[in-house]
Amino acid sequence: MIVLFMSSAVILSFKEEKSTFNYTALPKDSVASIAAFKQVYTVLMSARCMNCHPSGDIPLQGDDNHLHTMFPKRGVDGKGVYAMKCANCHQPTNTPGLHTPPGNPNWHLPPADMKMVFQGRTPRQLAKQIIDPKQNGHKDMQKLIAHADDGLVLSAWKPGEGRKLPPMSHAAFKKAWLTWLKTGAYAPAK
Amino acid sequence: MIAITINGKQREVAADPDMPLLWVIRDLLGLTGTKFGCGVAQCGACTVHLNGEAVRSCVTKVSRAAGQQVTTIEGLSKLNDHALQIAWAELDVPQCGYCQSGQLMSAAVLLRENPNPTDQDIDDAMSGNICRCGTYPRIRLAIHKAAELQREGAKS
Ligand code: FES
Ligand code: FES
């Protein structure tokens, strides 16, 4: 019953979301929040998200998260260095064919002063990091909510040929993301 | 027709907007200094400058270059006297030569942005340009040499 109530509340708030994009908090619920984050975590740790949130300064590549061939570096602004800037190979759209660069007009890593590392983070560490404006790119709750529809985030679901999709649809991810945030953005115990 | 400025000259090409810039450069404009290596952004042989950045022309659609400035190896300098070209000749860098126009175009961006690069900077800039002949040690020396020439030129 509680579950039913929760999910209908979420759906209602979605409708609001679309038209106004206002942050509507739901009753705090650590159980629902943590359950939702655990789903979110599986997406963030999938290759399509984690590969550009590496622990070092070289992006990762492939479904097995190996270091990006050619070792391109993050650079100060996250857009690469010298002759090795992301956009030199990564075009505004995916390049057709296997093993070709995926594309997005805004392709980049987080900048050097805000690395937003996912690789190696536990669910607890990552949850806390994401809601900390000092570590999340100065995002408040509104901006975190809006981030679910960011162009680069969405491109995880259009990864180009031969690349595995995140473990759930974007709609399911967004639902989990919003549920996590709106029920209190609790961090799992570990 | 798509208009591009190539090596300072305004050109119009009858190309599909999705045609790789490399095809336009080599087949439609007849500038064959830029090479086709892999076709999938893995080797760097096709590197040209698009508004000064070292893009890989094999995966860059000509539509991205429409109305923009493209420079190929033929346009790196007017008299083949870019500091890199002088250093390259002095140190006899090329072996077969196939990768070298790409190497030079990448190195030119490095030297523009960093007039005094360390070995590490050179690695960071050049690790995407592959040389099957293994001329890497001479490329590194020649970039240091060119940096020196460039600095001397700036002083005099
Ligand atoms: S031919 Fe373009 S990178 Fe190899
Ligand atoms: S000189 Fe032969 S591939 Fe580089």
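Below, chain A is the first sequence line, B the second, and so on; all start at residue 1. Every heavy atom of this structure was used, including side-chain atoms; hydrogens, water molecules and symmetry mates were not.
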Checklist entry - Can B/Gln69 and B/Asn51 be said to form a side chain to side chain donor-acceptor pair (under 3.5 Å), step by step? => result CA-CA 5 Å; B/Gln69 302 277 345; B/Asn51 298 333; over 6 Å; no
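- The ring-ring contact (aromatic ring centres under 6.0 Å, His included) test applied to A/Trp180 returns A/Phe37, A/Trp177, not counting sequence neighbours.
- With sequence neighbours excluded, the residues satisfying ring-ring contact (aromatic ring centres under 6.0 Å, His included) with A/His53 are A/Phe118.
- At a 4.5 Å heavy-atom cutoff, the contact between B/Arg64 and chain A is made by side-chain atoms alone.
- Listed by sequence position, B/Gln120, B/Asp121, B/Asp124, B/Ala125, B/Ser127, B/Gly128 are the residues of residues 117-142 of chain B in contact with chain A, using a 4.5 angstrom heavy-atom cutoff.
- Within residues 76-92 of chain A, the residues that have a heavy atom under 4.5 Å from a heavy atom of chain B are A/Val81, A/Tyr82, A/Ala83, A/Met84, A/Lys85, A/Ala87, A/Asn88, A/Cys89, A/Gln91, A/Pro92, listed by number.
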Next on the checklist: Assess the residue pair B/Ser77 and B/Gln85 against the criterion (side chain to side chain donor-acceptor pair (under 3.5 Å)); give the C-alpha distance rounded to whole Å, side-chain angles, the decisive distance to 0.1 Å, and a yes or no.
Outcome noted: CA-CA 9 Å; B/Ser77 62; B/Gln85 288 167 304; 2.5 Å; yes
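- Heavy-atom pairs under 4.5 Å with chain A peak, among B/Gly39, B/Gly44, B/Ala41, B/Ala108, at B/Ala41.
- The distance from atom NZ of B/Lys61 to atom CG of B/Asp16, rounded to the nearest 0.5 Å, is 9.5 Å.
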Next on the checklist: Checking A/Asp149 against A/Lys174 for the salt bridge (charged side-chain N to carboxylate O under 4.0 Å, His left out) test, could you report, in this order, the C-alpha distance in whole Å, the side-chain angles of both residues, the deciding distance, and whether it holds?
Outcome noted: CA-CA 8 Å; A/Asp149 292 308; A/Lys174 184 171 169 182; 2.8 Å; yes
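- Among B/Val109, B/Asn114, B/Leu111, B/Thr60, the residue making the largest number of heavy-atom pairs under 4.5 Å with chain A is B/Thr60.
- Without hydrogens or angle criteria, A/Gln129 side chain to A/Val117 main chain gives a donor-acceptor distance under 3.5 Å.
- Between A/Leu152 and A/His108, some side-chain heavy-atom pair lies under the 4.5 Å cut-off.
- The number of heavy atoms from other shown groups lying within 6.0 Å of NE2 (A/His99) does not exceed 12.
- No side-chain donor from either of B/Asp18 and B/Ser63 sits under 3.5 Å from a side-chain acceptor of the other.
- Taking CZ from A/Arg121 and CE from A/Met50, the interatomic distance works out to 11.5 Å, rounded to the nearest 0.5 Å.
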